[in-house]
**Student:** 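The following block contains the structure, expressed as structure tokens.
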Number of protein chains: 2
Amino acid sequence: MTRPTVNDIAREAGVSLATVDRVLNARPGVRAKTISAVNDAITRLGYVRDLAAANLARSRSYRMIALLPDGDSQFVQTLAEALTEAAALAAATRLRLDLLRYPPEDMHVLSNLLAGFQPEEVAGVALMAPETPVIRDAVRALRQRGIPLVALGSDLPNTGRDHFVGIDSHAAGRTAGVLMGRFCRGLSGRVLVIADSMLLRDSIERRRGFDEVLLADFPALDVMPTLETHGSADQLRRAVGDCLAATPDVVGLYLLGSGHRALAAFLRDRGLLGRFVVIGHELTPHTRQALMAGHLDAVIAQNPGHLARSALRVLRAKADRIPIDEGQEQLRIEVVIRENLPAEPREDQQGDAA
Amino acid sequence: MTRPTVNDIAREAGVSLATVDRVLNARPGVRAKTISAVNDAITRLGYVRDLAAANLARSRSYRMIALLPDGDSQFVQTLAEALTEAAALAAATRLRLDLLRYPPEDMHVLSNLLAGFQPEEVAGVALMAPETPVIRDAVRALRQRGIPLVALGSDLPNTGRDHFVGIDSHAAGRTAGVLMGRFCRGLSGRVLVIADSMLLRDSIERRRGFDEVLLADFPALDVMPTLETHGSADQLRRAVGDCLAATPDVVGLYLLGSGHRALAAFLRDRGLLGRFVVIGHELTPHTRQALMAGHLDAVIAQNPGHLARSALRVLRAKADRIPIDEGQEQLRIEVVIRENLPAEPREDQQGDAA
DNA sequence: TAAGAAATGAGGAACGTACCTCAAAAATTG
DNA sequence: CAATTTTTGAGGTACGTTCCTCATTTCTTA
């Protein structure tokens with residue numbers, strides 16, 4: 001009736017507890033025949049190791065590290081908060097997360113940080129970084145030392161990272177493209193694409209997906225070359241202003257990255273708010289506000305809370321060398337419009353010990 | 001350096017371990033002054049109770065029950081699988097889930113089932129059922145006995161259920177409405193609404209949300225009275241056929257419930273596939289296929305995996321009387337189009353004991 | 001201030017697993 | 001077959017908490 005324990009296995013298999021323990025924990029000195037006898041008993045009884053007890057006995061505690069670029073990106077900021085929150089909850093199951101920020105302008109700082117992590121101290125690393133050669137090497141070396149690493153938000157496919165926690169940027173761009181195309185049904189004209197910088201893998205892939213869809217399925221829409229703002233509101237005003245002046249038949253705006261506040265301010269000044277179909281990425285206080293006000297028609301987003309929790313779950317699984325639940329870790333490309341905007345996250349996080 | 005334990009609290013507060021235990025577990029016989037002394041020590045040390053150890057000591061095991069209506073609804077089927085899968089994972093943390101189905105035509109069977117659950121045996125119940133008077137009474141009685149209950153998929157607001165795991169149907173209907181309106185930009189005409197039955201709370205609320213949006217924001221579209229199919233493909237063919245014959249200017253179809261396969265077959269027969277904007281609910285093998293084929297333009301969905309895991313987490317939290325993480329339990333109203341369709345779930349679930 | 005009640009302390013057993021040591025048994029080798 | 005190696009058994013301690021008992025101290029109140 002109750003759950004079988006290691007003692008039950010021993011009895012069932014006709015061996016001692018010590019032998020069961022050797023088999024369960026893959027310790028040496030057991031004959032193949034005995035091993036299979038124990039495993040048979042395990043399957044016969046339907047034994048499932050009590051992870052709580054196991055971790056308690058091991059007095060295992062996991063120190064994880066999350067590395068995010070420094071700067072004032074709203075998305076990174078939100079993700080940092082989500083990580084902190086997820087870590088607070090995971091603290092009850094002996095996981096500690098240190099959240100570090102690195103200067104995005106110098107990858108050597110990050111590389112040195114990574115090089116300093118030792119397997120005795122660090123049970124896993126979640127990293128959000130572009131895949132430069134320096135980083136690639138540092139990640140490879142880290143994994144060589146036996147420290148699991150998951151790429152967070154932006155993939156590092158050529159580093160052998162253990163897992164990627166995030167959404168497929170290309171598919172996200174395609175999704176944005178379809179929405180742009182469909183929301184512009186019956187219209188013909190040009191679509192402006194605005195990015196911080198086209199050096200980031202994410203931006204490139206989104207743009208590629210977006211273009212694909214518009215080219216194939218919405219011939220009435222014409223996608224213009226990307227306007228790069230480098231995070232500057234002035235540059236955005238200038239670039240978009242010039243472009244609108246030169247091409248009067250703009251019907252849609254696609255923001256690959258940030259700049260929603262600057263764009264809204266600019267459009268408001270010109271009396272153009274609501275004139276275009278506007279689609280952007282990531283749900284931040286700014287995009288949320290723009291959605292509510294109706295200046296922004298849709299946002300393609302990944303849920304920072306899910307991102308954070310998934311990263312911690314995967315890292316723990318990797319540290320324990322147990323398989324991950326693919327279904328649970330598959331993050332959705334969310335389409336957010338005003339009508340399915342989730343309620344504002346509340347601020348009062350009361351971690352109560354009682 | 002290491003995590004503080006109950007012994008550390010005792011030392012810090014200058015009391016005995018027994019007293020700390022009394023405070024932590026809200027046992028009687030401690031002066032208010034002592035309680036606050038202990039709590040101060042707890043906050044000073046940043047103590048977080050080790051849940052693994054706590055549950056081990058309690059040798060608490062949770063037997064939860066999930067109750068779903070019987071029948072061949074694809075969504076319920078998928079949800080049942082998700083629950084089984086989530087339960088398999090939760091087994092490692094001493095949770096057992098019994099999944100029961102009840103005949104949807106007789107609520108007294110369900111009511112009797114609920115009446116039979118005793119708090120000594122059942123740590124929590126997840127229930128998907130319409131809110132009839134019989135059920136309302138049974139749920140109230142259950143909670144009176146101290147058994148936590150969460151409403152699954154469809155809310156039971158007047159029963160005092162501990163929590164609702166699911167999405168807001170009204171908002172889901174509004175979301176469907178906006179997509180219908182925007183995907184029909186430039187068109188004017190009628191929109192057909194097809195439902196299994198309008199007796200279900202969900203259908204009513206979706207319909208209400210849908211109507212609201214179309215009425216307020218898309219005056220060019222005219223919503224027709226609901227066609228009820230009662231789950232029968234024939235009835236669907238007849239009703240939709242009659243309606244299309246009578247009103248030639250139909251531009252959109254909205255499926256409140258199931259019937260995607262029957263609708264696709266009907267439209268194919270008539271050579272009408274792809275002629276209308278079609279929007280439906282829930283991601284099932286049928287809607288997935290229809291999305292891929294392009295017969296269905298968007299699906300408003302809730303993620304069955306999230307639903308299942310959220311239900312188990314909430315029930316466990318309720319059983320432990322600890323607060324739930326609102327952020328994590330807030331389920332999103334997903335908008336699924338072909339471009340953000342998640343990869344087909346794989347079948348090979350390998351639960352490995354080693 | 002003495003009797004009674006309330007609060008606190010001391011100690012131990014238990015939960016299921018990990019990990020250790022030492023001795024005994026079994027298998028393998030020369 | 002004896003010597004050696006390998007495998008197995010027996011038993012203990014530890015992890016951090018819960019929950020119990022019984023003794024002792026401290027506070028109330030008549």
Side-chain angles (χ1 to χ4, degrees), chain A residues 1-38 41-42 45-62 91-96 319-322 353-354, chain B residues 1-38 41-42 45-62 91-96 319-322 353-354:
Chain A
M1 200 59 231
T2 63
R3 280 174 55 134
T5 73
V6 279
N7 287 294
D8 299 323
I9 301 176
R11 202 175 327 110
E12 176 78 16
V15 300
S16 73
L17 183 60
T19 301
V20 173
D21 178 62
R22 289 183 183 110
V23 174
L24 275 178
N25 296 293
R27 277 184 255 278
V30 187
R31 275 184 304 173
K33 203 171 139 190
T34 314
I35 292 182
S36 50
V38 171
I42 287 176
L45 294 176
Y47 170 81
V48 184
R49 190 204 229 98
D50 185 328
L51 274 184
N55 287 334
L56 177 60
R58 284 197 185 100
S59 65
R60 192 172 195 353
S61 70
Y62 309 78
T93 48
R94 3 188 81 236
L95 185 147
R96 212 183 82 203
D320 283 342
R321 294 168 204 280
I322 58 177
Chain B
M1 201 53 234
T2 63
R3 279 174 55 130
T5 74
V6 278
N7 286 296
D8 298 323
I9 301 175
R11 200 175 327 108
E12 176 78 13
V15 300
S16 74
L17 181 60
T19 300
V20 172
D21 179 62
R22 289 182 184 110
V23 174
L24 275 177
N25 296 291
R27 277 185 256 276
V30 188
R31 273 183 306 174
K33 204 172 139 190
T34 315
I35 293 182
S36 50
V38 171
I42 287 175
L45 293 177
Y47 169 81
V48 184
R49 188 204 233 101
D50 185 328
L51 274 184
N55 287 334
L56 177 60
R58 282 198 189 101
S59 66
R60 194 172 194 5
S61 68
Y62 310 77
T93 49
R94 358 188 84 235
L95 186 147
R96 212 185 82 204
D320 284 342
R321 295 168 203 281
I322 58 176

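Sequence lines set the chain letters: A, B, ... in the order given, protein chains first and strands last, and positions in each chain run from 1. Atom set for the values below is all heavy atoms of this structure, side chains included, hydrogens, waters and symmetry mates excluded.
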**Student:** Kindly indicate whether the side chain of R94(A) and the base of dG16(D) share any N or O donor-acceptor pair separated by less than 3.5 Å?
**Tutor:**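 It does not, because no donor-acceptor pair links the side chain of R94(A) to the base of dG16(D) below 3.5 Å.
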**Student:** Nearest heavy atom decides the nucleotide; on that basis, is A57(B) or R58(A) closer to the 5' end of DNA chain C?
**Tutor:**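 Mapping each residue to its closest nucleotide by heavy atoms, the 5'-most match is A57(B).
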**Student:** Please report the distance, rounded to the nearest Å, between CG in L51(A) and C1' in dG16(C).
**Tutor:** 12 Å
**Student:** Rounded to whole Å, please give me the gap between CZ in R22(A) and P in dT8(D).
**Tutor:**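 In whole Å, dT8(D) P and R22(A) CZ are 8 Å from each other.
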**Student:** Indicate whether OP1 or OP2 belonging to dA6(C) is found under 4.0 Å from a side-chain N or O atom of R31(B).
**Tutor:** no
**Student:** How long is the line joining CG of L24(A) and C1' of dA18(C), in whole Å?
**Tutor:** 10 Å
**Student:** Between N7(A) (CG) and dT17(C) (P), how many Å, whole number?
**Tutor:** 8 Å
**Student:** Side-chain contact test, heavy atoms from C-beta onward, threshold under 4.5 Å: evaluate it for N55(A) versus Y62(A) and give yes or no.
**Tutor:**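 Yes, close enough: below the 4.5 Å cut-off.
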**Student:** Categorize N25(B) for me: base, sugar-phosphate, or nothing, with a 4.0 angstrom heavy-atom threshold over every strand shown.
**Tutor:** sugar-phosphate
**Student:** Touch check for D21(A), heavy atoms < 4.0 angstrom, all strands: base, sugar-phosphate only, or nothing?
**Tutor:** base
**Student:** To the nearest Å, give me how far apart OH (Y47(A)) and C1' (dA18(C)) are.
**Tutor:** 11 Å
**Student:** Reckon R49(A) has a side-chain N or O less than 4.0 Å from the OP1 or OP2 of dT17(C)?
**Tutor:** no
**Student:** Find which nucleotide of DNA chain C each of N55(B) and G29(B) is nearest to by heavy atoms, and output the residue with the more 5' nucleotide.
**Tutor:**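 Result of the comparison: G29(B).
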**Student:** Send over the distance from R27(B) CZ to dT8(C) P, rounded to a whole Å.
**Tutor:**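 The distance from CZ of R27(B) to P of dT8(C) comes to 15 Å, rounded to the nearest Å.
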**Student:** Please state whether the phosphate of dG9(C), meaning OP1 or OP2, lies under 4.0 angstrom from any side-chain nitrogen or oxygen of T19(B).
**Tutor:**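 Yes.
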**Student:** Rounded to whole angstrom units, what separation is found between the CZ atom of R3(B) and the P atom of dG16(D)?
**Tutor:** 9 Å
**Student:** Nearest-Å distance, CD1 (I9(A)) to P (dG16(C))?
**Tutor:** 13 Å
